[in-house]
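Note that the structure is a prediction, hence the values are computed from the model and not measured.
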Amino acid sequence: MPNRLTFATAQWQGETVLTLTGRIAEGDATRFNDYLESLEILPSQVYLNSPGGSVSDALTIGRALRAQSMNTVMSASDICLSACPYILAAGVTRIADPDAMIGVHQHYFGQNTVLPAFVAVEQIQRGQGEVMSYLQEMGVDPLIMQPALMTPSDEIYLLTPVEQSTYRLITNGEPA
């Protein structure tokens, strides 16, 4: 799996599709927006395969996908963990094979040795509030954050297909 998000477009069944593969690193949102601007034909579907990474970059990439009315898709062998489900959530329609692995956990912000604890907690809560607003904006039930907040950042909670539908992360082809 690449250490940075890679972008590749291809023709599939007469449509242009985009594949995002790899870890979401800081700065990938800017790279992604530049990549989209370079395309002559925008893809209708985006396939995801990522272990996650930067939450802020995932949110920005997600908003770019939604602004272009793209759909998100996962095949049986794909993973979408950590921050990746925020990109998945951006699809106008969101489809995942039941064998695809979609997982969440607490956001990791690194060990803070500079900021006082109350300031660090304030920033974490602000970030969680931003994520919850984003999820609601994308039509995903913000209660998806419950298993995320209860799962340590060094573990992954894999959402079952029923949970994926219940939280409206997967829309089974219906618009969000």
Side-chain angles (χ1 to χ4, degrees), residues 1-3 5-8 12-13 15 17-25 28-29 32 43-66 68-109 124-125 127-176:
M1 184 82 51
N3 284 332
L5 207 55
T6 62
F7 325 120
W12 188 70
Q13 295 183 347
E15 291 186 50
V17 297
L18 171 62
T19 303
L20 302 182
T21 306
R23 186 178 171 283
I24 306 162
D28 280 347
F32 179 72
S44 57
Q45 295 192 62
V46 179
Y47 284 80
L48 301 171
N49 191 18
S50 171
S54 168
V55 172
S56 61
D57 283 83
L59 298 179
T60 302
I61 290 169
R63 284 192 172 103
L65 293 179
R66 180 57 70 94
Q68 298 299 329
S69 300
M70 295 180 192
N71 302 312
T72 51
V73 182
M74 290 183 63
S75 301
S77 61
D78 293 333
I79 64 169
C80 188
L81 309 174
S82 184
C84 178
Y86 304 136
I87 298 174
L88 177 63
V92 174
T93 63
R94 306 180 285 263
I95 299 171
D97 186 281
D99 291 330
M101 294 189 341
I102 302 171
V104 295
H105 64 172
Q106 295 170 358
H107 298 155
Y108 177 72
F109 295 98
I124 290 168
Q125 289 177 337
Q128 298 295 359
E130 180 183 344
V131 167
M132 291 176 75
S133 293
Y134 171 86
L135 291 170
Q136 191 166 20
E137 175 186 335
M138 298 299 155
V140 175
D141 187 341
L143 279 175
I144 197 171
M145 292 300 294
Q146 183 179 18
L149 291 171
M150 295 177 70
T151 305
S153 62
D154 61 346
E155 297 177 18
I156 287 288
Y157 178 89
L158 292 177
L159 296 163
T160 67
V162 170
E163 289 171 318
Q164 295 166 23
S165 293
T166 299
Y167 293 128
R168 297 185 310 273
L169 182 61
I170 299 304
T171 64
N172 299 315
E174 297 295 320

>> With a 3.5 Å distance limit and no angle check, can you tell me whether Gln106 reaches the backbone of Leu149 through a side-chain donor-acceptor pair?
In response: yes
> Listed by chain and number, what are the side chain to side chain contact (heavy atoms under 4.5 Å, CB included) partners of Glu155, not counting sequence neighbours?
Replying inline: Thr151, Pro152
>> What I'd like to find out is whether the side chain of Pro85 reaches to under 4.5 Å of the side chain of Tyr167, using heavy atoms alone.
In response: no
>> Checking Glu174 now: which residues fulfil salt bridge (Lys or Arg N to Asp or Glu O under 4.0 Å) with it, not counting sequence neighbours?
In response: none
> From Gln146 CD over to Ile144 CD1, what is the distance, rounded to the nearest 0.5 angstrom?
Replying inline: 11.0 Å
>> If you compare all heavy atoms of Ala100 against all heavy atoms of Ser75, which two are closest, and at what distance to 0.1 Å?
In response: CB-O, 3.4 Å
>> Going by the rule ring-ring contact (aromatic ring centres under 6.0 Å, His included), which residues pair with Phe7 if we only count those two or more places apart in sequence or in a different chain?
In response: Phe32, Tyr35
> Mind checking what makes side-chain hydrogen bond (donor to acceptor under 3.5 Å, both in side chains) contact with Asp57, not counting sequence neighbours?
Replying inline: Ser54
> Taking C-beta and beyond as the side chain, do Ile61 and Leu5 meet within less than 4.5 Å on heavy atoms?
Replying inline: yes
> Taking all non-hydrogen atoms of both residues, which atom of Pro98 and which atom of Pro161 are closest, and how far apart?
Replying inline: O-CG, 4.0 Å
> Going by heavy atoms in the side chains, are Leu48 and Asp78 under 4.5 Å from each other?
Replying inline: no
> If every non-hydrogen atom of Leu81 is compared with every non-hydrogen atom of Met101, which pair is closest and at what distance?
Replying inline: CD2-O, 4.0 Å
> Taking the side chain as C-beta and beyond, is there a heavy-atom pair between Leu88 and Ile170 under 4.5 Å?
Replying inline: yes
>> According to side chain to side chain contact (heavy atoms under 4.5 Å, CB included), who are the partners of Gln68, at least two apart in sequence or on a separate chain?
In response: Leu42, Met70
> By side-chain hydrogen bond (donor to acceptor under 3.5 Å, both in side chains), which residues pair with Ser50, not counting sequence neighbours?
Replying inline: none
> What pairs of residues pass the salt bridge (charged side-chain N to carboxylate O under 4.0 Å, His left out) test when at least one of them lies in residues 132-154, not counting sequence neighbours?
Replying inline: Arg63-Glu137
>> Before you tell me yes or no, could you show the steps for Val17 and Val73 under side chain to side chain contact (heavy atoms under 4.5 Å, CB included), namely the whole-Å CA-CA distance, both residues' side-chain angles and the distance that decides it to 0.1 Å?
In response: CA-CA 10 Å; Val17 297; Val73 182; over 6 Å; no
>> To the nearest 0.5 Å, what is the distance between OH on Tyr47 and CD1 on Ile95?
In response: 8.0 Å
> What is the distance from atom CG of Leu65 to atom CG of Leu20, rounded to the nearest 0.5 Å?
Replying inline: 6.5 Å
>> The criterion is side-chain hydrogen bond (donor to acceptor under 3.5 Å, both in side chains); which residues satisfy it with Ser44, sequence neighbours excluded?
In response: Glu15
> Listed by chain and number, what are the side-chain hydrogen bond (donor to acceptor under 3.5 Å, both in side chains) partners of Arg66, not counting sequence neighbours?
Replying inline: none
> Partners of Ser77 by side chain to side chain contact (heavy atoms under 4.5 Å, CB included), sequence neighbours excluded?
Replying inline: none
> So, do Thr19 and Asn49 sit near enough that their side-chain heavy atoms are less than 4.5 Å apart?
Replying inline: no
>> Restricting to non-hydrogen atoms, name the atom on Thr72 and the atom on Gly91 that form the minimum distance, rounded to 0.1 Å.
In response: OG1-CA, 3.5 Å
>> Looking at every heavy atom in both Leu135 and Pro142, which two are closest together, and how far apart are they?
In response: CD1-CA, 4.4 Å
> Partners of Pro51 by side chain to side chain contact (heavy atoms under 4.5 Å, CB included), sequence neighbours excluded?
Replying inline: Met1, Arg23, Ile79
>> Test: side-chain hydrogen bond (donor to acceptor under 3.5 Å, both in side chains). Region: residues 80-101. Which pairs qualify, not counting sequence neighbours?
In response: Asn71-Thr93, Ser82-His105, Tyr86-His107
> Of all heavy-atom pairs between Ile102 and Ala96, which one has the smallest distance, and what is that distance?
Replying inline: CD1-CB, 3.9 Å
>> Please check: side-chain N/O of Thr160 versus main-chain N/O of Glu163, any donor-acceptor pairing under 3.5 Å?
In response: yes
